[in-house]
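Working notes, beginning with the structure itself.
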Amino acid sequence: MDEKFLKPYDPKKSEDTVYKRWEESGFFKPEKTDSPDGERFSIVLPPPNVTGTLHMGHAAMLAIEDIAVRFERMSGKQTLWLPGTDHAAIATQSKVEEIMYKKEKKTRHDIGREEFLRRVDAYAKESHDTIVNQIKKMGASVDWSREAFTLDEARHRAVNTAFKKMYDDGLIYRGEGMVNWDPKLQTTVSDDEIEWDEETVPFYYLKYGPFIIGTSRPETKFGDKYVVMHPDDTRYSEYTDGQTIKLEWINGPISATIIKDTAIDMEFGTGVMTITPWHDRTDFEIAERHDLDKEQVINERGILLPIAGEFAGEHIKKARARIVEKLRAKGLVDKVDEKYVHSIAINSRGGGIIEPQIKEQWFVAVNKEFPIAYSAMDGIASGETVTLKKLMRHAVESGQIKIIPDRFEKIYYHWIDNLRDWNISRQIWYGHRIPVWYHDPICIPLADREDDISKCIPIVVSGTKPECKFCAAAYTQDPDTLDTWFSSGLWTFSTLGWPDETADLKRFHPTDLLETGYDILFFWVARMILMTTYLLGDVPFRTVYLHGLVRDEKGKKMSKSLGNTIDPLEMIEKYGADATRLSLVVGAPPGNDISLSEGKVRGYKHFANKIWNIARFVLSNIPAEANSEKPALRKEDNAWIESLVLVSEDISKHIAAYRFDLASDILYHWVWHEFADKYIEEVKPALKDGTDEEKASVQWTLYAVLTDCLKLLHPFMPFVTEEIWAGLPRKDAELLMIAPWPTVPSDKIQEMLHT
RNA sequence: GGGCGCGUAGCUCAGCUGGUUAGAGCGUACGCCUCACACGCGUAAGGUCAGAGGUUCGAAUCCUCUCGCGCCCACCA
């Protein structure tokens, strides 16, 4: 027996060495795996953001995915797990800006676009290296030779190709729309990136001519010249749509127009409101319906514009009190409700309070009909007229994508139904620059083109800088960058070489599984489905497995400000990666939040040591050269083999059904409380005083059970099991990671049990 | 306002399509350094399965309502 077994298991001593052995073996690469029946399994790693370090959520993701991957690999499939990182545009940029401002009191504008991007790249690189190290520490069996980054050259080409195709199909357009403007980060953000916070503020009832209107934001009211009410509201039936009235307002007399619109809730307040179409989505929509004027009141930095009269140039935050004071002085304040609770929108990527604005931006049209060029999907034919929304819905509705747990399918549909055109342009610098070039002014006036539109093209979509054939004027590129989810939406295939028709793309796409947290179902999963169905006419993956959030032992969300975070690296350092992995898997069904405590991790470290000691016992009780010849088995030993077969089947079944929580729970229990507590105890007398035949039977069975347990445990606890495997005298594979999974064909079970 | 999830021993959770005295781990108490393991072994305490009503021969498990916790969505002027 190897002397290492004489000491307790020390994860720190072996984990790095074991990982190196795996990596050097080449078996992380699918090429190395024989797959006679051609079966394959592929999955992409949800690329972690290069904004720092990995947290427990990442650890859970890595653990779950590695279990699936190792199981499939051991089951004989050619297996690819493709790793990478995400540039996370806005999150990374704001992080670097924050650090820079803290250290040097400089903003990105002080140092310029080029220098700033150099710094972000440096930060991203450092962050990337940390992340890669952490992924390895967790034991993730990813194929590093295929590692990708959402902002590298290959992905940039994919992004430009996708953008151009969508533009040519009319699915990407530039237009004026209501966007979520972040005055702090000076960029738009998507609807999904907004978080809502409750805030208690005074609610003002203001006299607006003969009406009383309510508002929590008097500072936006300067330009309000439309007063809206429900057409069925009998209280205001004397007023007619389009009627104008004169009234005294903040900065003097104005003329207001009555508008009747069903968007008004008669129950709310007085049932009358004025609108600010430039800074409110509902108001914007009313204005669109009635073709009303829209005026900007607040600029991009939150400063009031000249329309505010004497308040122009003031920041909205400061101006509010003075405006209310003036309204009071003019007798326009009817009453104030001091404790009004409403929600304010905050940019969740480290930004500020969102101010809706009308801006010219790039959008993806989700409701526009177009003929899909090619479709390999069931139920959608090539050339069929579809919309992006329809494609997204169809992929799941038709069962071609299964979401686990299935209750998220409903949530997914609901999200699609409420989806508006996707604003994809951001005014930040870090990210894929929009591949659009402007020639302004055009050198040949439209009138002189003689209908040959190729003569001078004002807007060119191209990955490279175009040149005008007719004049020396250079094209200038759109200064904006793309929403980070645009590039991550391409992830399952951009990582496989698309737009080229590579062997990898043919072999590994669609992927089999997409595993991620339910919190990014919309951000990412939905957008991958959108991009893939549209660009490839296929689904990006067959199954979506959603894991929950990792919370602390009290069920609270882990956060730095609460100080309740548990660092995965620290847990690995103290208890080993196997224990850390198991603590995130046992008792964590799909879609349920996981509550974690250090004690839980410690408990599983003890389990790792238990396995180690089982191995020690078995190895010290069998001949040094374990005999592969199967002896006649005692009745009891046969019964244990039977029990093992049953439990293996159970475990395989649960893994195949993505119930890693149940599989690991059962395994833990069987290995410890059946194999160790019962079988090993029962067998001791026979090993001591039994006949040679009895000893042979017990020894053979002990070894058989041990090796199968190691195999079953390996996906969950790859390090200890591999380390023990290395010390075994006889085995059916040099490395446990590629040892055959102990599935016993049903016809063999009977045979096995009765020999 | 709409939707979803959860509420089972101190803590974290199993209990599938309803069926013998409701389970596990951690923790606790007590006893054991028994020649695989003290990162261990053994024993024990601890639950009106959130509450009420209903379906049923029988419910933690199905239905209805109530309470509590959490989450998601929505154009809360």
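In what follows, every chain begins at residue 1, and chains take the letters A, B, ... in the order their sequences are listed.
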Open item on the list: Would you say the ring centers of F660(A) and Y545(A) fall short of 6.0 Å from each other?
Closed with: yes

Task: For C62(B), the Watson-Crick or wobble counterpart (both distances under 3.5 Å) - done: G54(B)

TODO: Using both distances under 3.5 Å as the test, list the Watson-Crick or G-U wobble partner of C35(B), or none.
DONE: none

Open item on the list: Less than 4.5 Å apart, side chain to side chain, heavy atoms only: is that true for S643(A) and Y679(A)?
Closed with: no

Task: Pair D232(A)-M266(A), side chain to side chain contact (heavy atoms under 4.5 Å, CB included): steps then yes or no - done: CA-CA 9 Å; D232(A) 299 339; M266(A) 287 187 269; 4.3 Å; yes

TODO: Under 4.0 Å between any heavy atoms, over every strand shown, what does I264(A) touch: base, sugar-phosphate, or nothing? Just pick one.
DONE: base

Task: Reading 5' to 3' through nucleotides 21-26 of chain B, protein heavy-atom contacts under 4.0 Å coded B for base, S for sugar-phosphate only, - for none - done: ----S-

N/O to N/O distances under 3.5 Å, protein versus nucleotides 1-5 of chain B:
none

Open item on the list: Could you tell me if the side chain of L713(A) sits less than 4.5 Å from the side chain of I611(A), heavy atoms only?
Closed with: yes

Task: Upstream residue (5' side of RNA chain B) when N418(A) and S216(A) are each assigned their closest nucleotide - done: N418(A)

Open item on the list: Which residue is it: R393(A), K389(A), K390(A)? I am looking for the one with a salt bridge (charged side-chain N to carboxylate O under 4.0 Å, His left out) to D417(A).
Closed with: R393(A)

Task: Nucleotide C71(B), atom P - distance to CH2 of W415(A) in whole Å - done: 22 Å

Task: By ring pair (Phe, Tyr, Trp, His ring centres under 6.0 Å) - contacts of W278(A) (at least two apart) - done: none

Open item on the list: I'd like the C1' distance from C4(B) over to A74(B), given in whole Å.
Closed with: 15 Å

Open item on the list: Would you say the rings of Y239(A) and F211(A) are close, in the sense that their centroids are separated by under 6.0 Å?
Closed with: yes

Open item on the list: Mind checking if S343(A) touches a base, just sugar-phosphate, or nothing, with heavy atoms under 4.0 Å?
Closed with: base

Task: Base paired to G46(B) (Watson-Crick or G-U; both N/O distances under 3.5 angstrom) - done: none

TODO: Please list, chain by chain and in numerical order, all residues satisfying ring pair (Phe, Tyr, Trp, His ring centres under 6.0 Å) with F607(A), sequence neighbours excluded.
DONE: Y668(A), W672(A)

TODO: For nucleotides G40(B) and U34(B), find the distance between their C1' atoms and express it as a whole number of Å.
DONE: 11 Å

TODO: Measure from the side chain of R659(A), starting at C-beta and using heavy atoms only, and say which of C76(B), A77(B), G15(B) lies closest.
DONE: G15(B)

Strictly under 3.5 Å: I want the nitrogen or oxygen pairs between protein and nucleotides 31-38 of chain B, one per line.
residue	atom	partner	partner atom	Å
A36(B)	O2'	N613(A)	OD1	3.3
A36(B)	O2'	R616(A)	NH1	3.3
A36(B)	N7	K684(A)	NZ	3.3
A36(B)	N6	A676(A)	O	3.3
A36(B)	N6	E681(A)	OE2	3.1
A36(B)	N3	N613(A)	O	3.2
C37(B)	O4'	N613(A)	OD1	3.0
C37(B)	O2'	N613(A)	ND2	3.1
C37(B)	O2	K610(A)	NZ	2.8
C37(B)	N3	K610(A)	NZ	2.9

- [ ] Mind checking G576(A) for me? I need base, sugar-phosphate or nothing, with any heavy atom below 4.0 Å counting as a touch.
- [x] nothing

TODO: For V586(A), report the nucleic acid contact type (base, sugar-phosphate, nothing); a contact means any heavy atom under 4.0 Å.
DONE: nothing

Task: Atom-to-atom span, CD1 of I594(A) to P of C13(B) - whole angstrom - done: 10 Å

TODO: Sort out the partner of C69(B) for me: Watson-Crick or G-U wobble, both distances under 3.5 Å, none otherwise.
DONE: G5(B)

TODO: Between C16(B) and U43(B), how far apart are the C1' atoms? Round to whole Å, please.
DONE: 33 Å

- [ ] Find the distance I194(A):CD1 to C72(B):P and express it as a whole number of Å.
- [x] 14 Å

TODO: May I ask you to test the W249(A)-K221(A) pair for a side-chain heavy-atom distance under 4.5 Å?
DONE: yes

TODO: Using whole Å, report how far OH of Y236(A) lies from P of A77(B).
DONE: 17 Å

TODO: Sticking with atom P, work out how far A44(B) lies from G53(B), rounded to a whole angstrom.
DONE: 36 Å

- [ ] Could you tell me which nucleotide pairs with G23(B) by Watson-Crick or G-U wobble geometry, both distances under 3.5 Å, or answer none if nothing does?
- [x] C13(B)

- [ ] May I ask you to say whether E176(A) pairs ionically with K359(A), meaning some side-chain N is under 4.0 Å from a carboxylate O?
- [x] no

Open item on the list: Between A24(B) and C41(B), how far apart are the two P atoms, rounded to whole Å?
Closed with: 15 Å

Open item on the list: Rounding to an integer number of Å, can you tell me how far R551(A) CZ sits from G70(B) P?
Closed with: 10 Å

Task: Row check, Y575(A) ring normal vs R581(A) NZ/CZ: under 6.0 Å, within 45° - done: no

TODO: Sequence neighbours left out, what passes salt bridge (charged side-chain N to carboxylate O under 4.0 Å, His left out) with E195(A)? Give chain and number order.
DONE: none

